[in-house]
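Structure first, then comments.
Note that the numbering runs from 1 along the sequence shown for the chain. Every heavy atom of this structure was used, including side-chain atoms; hydrogens, water molecules and symmetry mates were not.
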Amino acid sequence: MSILLGAAFLMATSSIGPGFLTQTTVFTQQLAASFGFVILISLILDIFTQMNVWRIIAVSGLRGQEIANKVLPGLGVVLAILIVMGGLAFNIGNVAGAGLGLNAMLGLDPIMGAVISATFAIFIFLVKEAGKAMDKVAQVAGIVMILLMLYVAFTTSPPVGEAIIRTFNPEQISIFAIVTLVGGTVGGYITFAGGHRLLDAGVKGIESLPEVTKSSVIGIVVTGVMRVALFLAVLGVVSKGLAIDPSNPPASVFQLAAGNIGYRMFGVIMWAAAITSVVGAAYTSVSFIRSFHPAIEKYHNWVIILFILVSTITFTLIGRPVNVLLLVGALNALILPLALGTLLVAAYKKDIVGNYKHPLWLTIGGGFVVISMGVLGIVTLIEQIPLLFK
């Protein structure tokens with residue numbers, strides 16, 4: 001159970017990063033109660049994505065890039081490059097978020113906060129049982145975030161009735177919001193975080209499928225609870241007509257909801273969200289190149305530490321490259337259909353999954369995610385790229 005919870009929380013906390021807090025706040029401002037519909041659609045797409053990916057990884061006993069290389073030689077290398085690039089770019093933002101979290105929590109300089117946070121993340125991978133340490137950090141951070149978020153949601157007294165109605169009958173729909181949420185929740189490296197963690201812990205084979213399914217559902221539920229709680233907290237502030245500071249929307253919400261204590265609570269949530277995302281991004285990104293050379297496999301913890309160091313040094317020297325982060329964010333949504341589409345093909349190849357029969361409803365649901373996210377991702381990318389160079 002500890003391993004299952006560890007994988008679930010690794011996936012969930014990887015998807016609950018600094019970007020998650022900002023996106024949810026900004027989109028709730030724009031769409032008000034109708035943002036509930038976006039959350040509902042993104043959760044449905046998340047469920048089909050995670051259940052497919054985790055099952056196929058478990059049954060094959062292979063990592064995502066190894067499966068892709070068996071489907072089409074060289075495809076695993078392409079997937080690994082895309083995921084490592086995306087993971088590195090996002091980790092610069094995660095390190096920055098950790099610095100901002102300690103700034104709000106303790107008043108530390110953001111650069112100093114980022115360095116301290118990176119040191120903490122590196123220490124996790126210096127521990128002998130690094131996997132177990134990572135699981136524990138993800139679980140504790142996830143529970144703390146959920147409890148604090150639910151408290152803030154309660155204090156803002158949001159119009160819950162209207163939120164429920166608009167979740168199923170929205171006044172407005174934003175395709176960009178759906179693509180961004182799905183890309184941020186199960187795009188890029190996040191798609192594989194939990195599946196690869198279970199594989200490394202030895203949870204694989206057809207006999208392990210009930211546990212794998214349970215773990216993937218727990219991860220999606222944790223992400224869903226967090227997103228709904230933050231949505232309701234922001235909705236409560238917006239519905240009262242209070243002005244949210246555009247320079248730091250999520251921090252502003254917490255301050256308006258609970259004063260100075262609320263701002264400190266935001267610091268705790270921001271730091272917990274960022275540090276678990278730093279760990280999740282580094283661990284999962286490196287898991288995509290472990291099979292490429294025996295030295296990487298042997299010294300993978302040191303490669304993870306190097307990954308965190310590069311992210312931190314980049315942030316301390318040049319800050320957050322906003323244009324790069326935005327572009328990679330849009331590309332993250334495109335990695336999802338490529339990765340999921342590849343794994344769905346693999347689910348029907350005997351040399352990969354043996355005699356395993358993949359459920360038809362999961363194939364249909366997964367196929368819908370591939371097509372819809374492929375089309376929506378391309379449309380969004382075409383719309384957003386010109387904005388980056390204005």
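- Within the 4.5 Å cutoff, side-chain heavy atoms of Met226 are placed close to those of Ile269.
- Using modelled atom types, no side-chain atom of Asn91 and backbone atom of Asn94 make a donor-acceptor pair closer than 3.5 Å.
- Taken from CZ in Phe9 to CD1 in Ile16, the straight-line distance is 8.5 Å, to the nearest 0.5 Å.
- The shortest heavy-atom contact between Ser216 and Trp54 is N-CZ3, 3.3 Å.
- Here the shortest heavy-atom pairing between Phe266 and Pro250 reads CE1-CB, 3.7 Å.
- In this structure, the separation between CG on Asn301 and CD1 on Ile122 is 12.0 Å, given to the nearest 0.5 Å.
- Both Met112 and Met105 belong to a common hydrophobic cluster when Ile, Leu, Val, Met, Phe, Trp and Tyr are linked at side-chain heavy-atom distances under 4.5 angstrom.
- The two residues Gly267 and Ala104 make their nearest non-hydrogen contact at CA-CB, 3.7 Å.
- Using a 4.5 Å heavy-atom threshold, the side chains of Leu344 and Asn52 count as touching.
- No path of Ile, Leu, Val, Met, Phe, Trp and Tyr side chains, each step under 4.5 Å between heavy atoms, connects Ile165 with Phe168, placing them in separate hydrophobic clusters.
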- [ ] Show your reasoning for whether side-chain contact (heavy atoms from CB on, under 4.5 Å) applies to Thr312 and Val278.
- [x] CA-CA 10 Å; Thr312 308; Val278 168; over 6 Å; no
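- Here the closest non-hydrogen pair linking Tyr356 and Arg55 is OH-NE, 3.1 Å.
- In this structure, Ile173 and Ser34 have side chains that are not in contact, with every pair of non-hydrogen atoms separated by 4.5 Å or more.
- Using a 4.5 Å heavy-atom threshold, the side chains of Asn69 and Phe292 count as touching.
- When the shell of 6.0 Å around NZ of Lys298 is examined, it contains 12 or fewer heavy atoms from other residues, nucleotides or ligands.
- By the 4.5 Å heavy-atom criterion applied to side chains, Ile308 and Ile305 are not counted as neighbours.
- Looking at every heavy atom in both residues, Arg264 comes nearest to Leu106 through NH1-N, 4.3 Å.
- Just one residue in the list Val152, Leu256, Thr24, Thr28 forms a side chain to side chain contact (heavy atoms under 4.5 Å, CB included) with Val234, and that residue is Thr28.
- A ring-centre distance under 6.0 Å is found for Phe192 and Phe288.
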TODO: Given side-chain contact (heavy atoms from CB on, under 4.5 Å), test Leu230 with Phe254 step by step and report yes or no.
DONE: CA-CA 10 Å; Leu230 180 55; Phe254 281 76; 4.3 Å; yes
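- Met145 CE to Phe20 CZ: the interatomic distance, rounded to the nearest 0.5 Å, is 8.5 Å.
- The shortest distance between side-chain heavy atoms of Val137 and Ile124 falls below 4.5 Å.
- The heavy-atom pair separating Gly219 from Ala12 by the smallest distance is O-CB, 3.5 Å.
- Phe35 and Phe231 have their aromatic ring centers within a separation under 6.0 angstrom.
- No continuous path of hydrophobic side-chain contacts links Leu10 to Phe123 [ILVMFWY only; heavy atoms under 4.5 Å].
- Residue-environment remark: CG (Leu126) exceeds the threshold of 12 foreign heavy atoms within 6.0 Å.
- Side-chain contact between Ile190 and Thr284: absent, with no pair of heavy atoms (C-beta onward) separated by less than 4.5 Å.
- Interatomic distance, Arg197 CZ to Asp200 CG, rounded to the nearest 0.5 Å: 6.5 Å.
- Checking side-chain atoms of Ser215 against main-chain N and O of Leu4 turns up a donor-acceptor pair under 3.5 Å.
- In this structure Glu297 satisfies the salt bridge (Lys or Arg N to Asp or Glu O under 4.0 Å) test together with Arg63, Arg290, sequence neighbours excluded.
- Listed for the Thr49 side chain is no donor-acceptor partner under 3.5 Å among the backbone atoms of Val369.
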TODO: Could you walk me through whether Ser117 and Leu102 pass the side-chain contact (heavy atoms from CB on, under 4.5 Å) test, one step at a time?
DONE: CA-CA 8 Å; Ser117 301; Leu102 284 184; 3.5 Å; yes
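- To the nearest 0.5 Å, atom CZ of residue Phe368 and atom CG of residue Leu340 are 12.5 Å apart.
- Looking at Ser285, its side chain never comes within 3.5 Å of a backbone N or O of Ala282 through a donor-acceptor pair.
- In this structure, Leu235 CG and Thr25 OG1 are separated by 11.5 Å, a value rounded to the nearest 0.5 Å.
- At distances below 3.5 Å, not a single donor-acceptor pair connects side-chain atoms of Gln65 with backbone N or O atoms of Leu75.
- For the side chain to side chain contact (heavy atoms under 4.5 Å, CB included) criterion with Ile206, the lone passing option out of Asn355, Val353, Val212, Val59 is Val59.
- Residues Trp361 and Leu343 fall within the same hydrophobic cluster, defined by Ile, Leu, Val, Met, Phe, Trp and Tyr side chains chained together at heavy-atom separations under 4.5 Å.
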Open item on the list: One pair to check against side-chain contact (heavy atoms from CB on, under 4.5 Å): Thr342 and Leu79. What are the steps and the verdict?
Closed with: CA-CA 10 Å; Thr342 302; Leu79 192 61; 5.7 Å; no
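- In this structure, Phe120 has its ring center under 6.0 Å from that of Trp271.
- Taking hydrophobic clusters as Ile, Leu, Val, Met, Phe, Trp and Tyr residues chained together by side-chain heavy-atom distances below 4.5 Å, Val140 shares a cluster with Met270.
- Phe125 has its side chain out of reach of His300: every pair of non-hydrogen atoms, C-beta onward, lies at least 4.5 Å apart.
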TODO: Decide yes or no on side-chain hydrogen bond (donor to acceptor under 3.5 Å, both in side chains) for Tyr348 and Thr363, but give the supporting numbers first.
DONE: CA-CA 10 Å; Tyr348 292 89; Thr363 303; 2.5 Å; yes
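- One N or O on the side chain of Ser252 and one on the backbone of Asp245 form a donor-acceptor pair closer than 3.5 Å.
- Between the side chain of His196 and the backbone N or O of Tyr283, no donor-acceptor pair lies under 3.5 Å.
- Put simply, the side chain of Asn103 never gets that close to the backbone of Asp109: no donor and acceptor are under 3.5 Å apart.
- Looking at Thr276, its side chain does come within 3.5 Å of a backbone N or O of Ala273 through a donor-acceptor pair.
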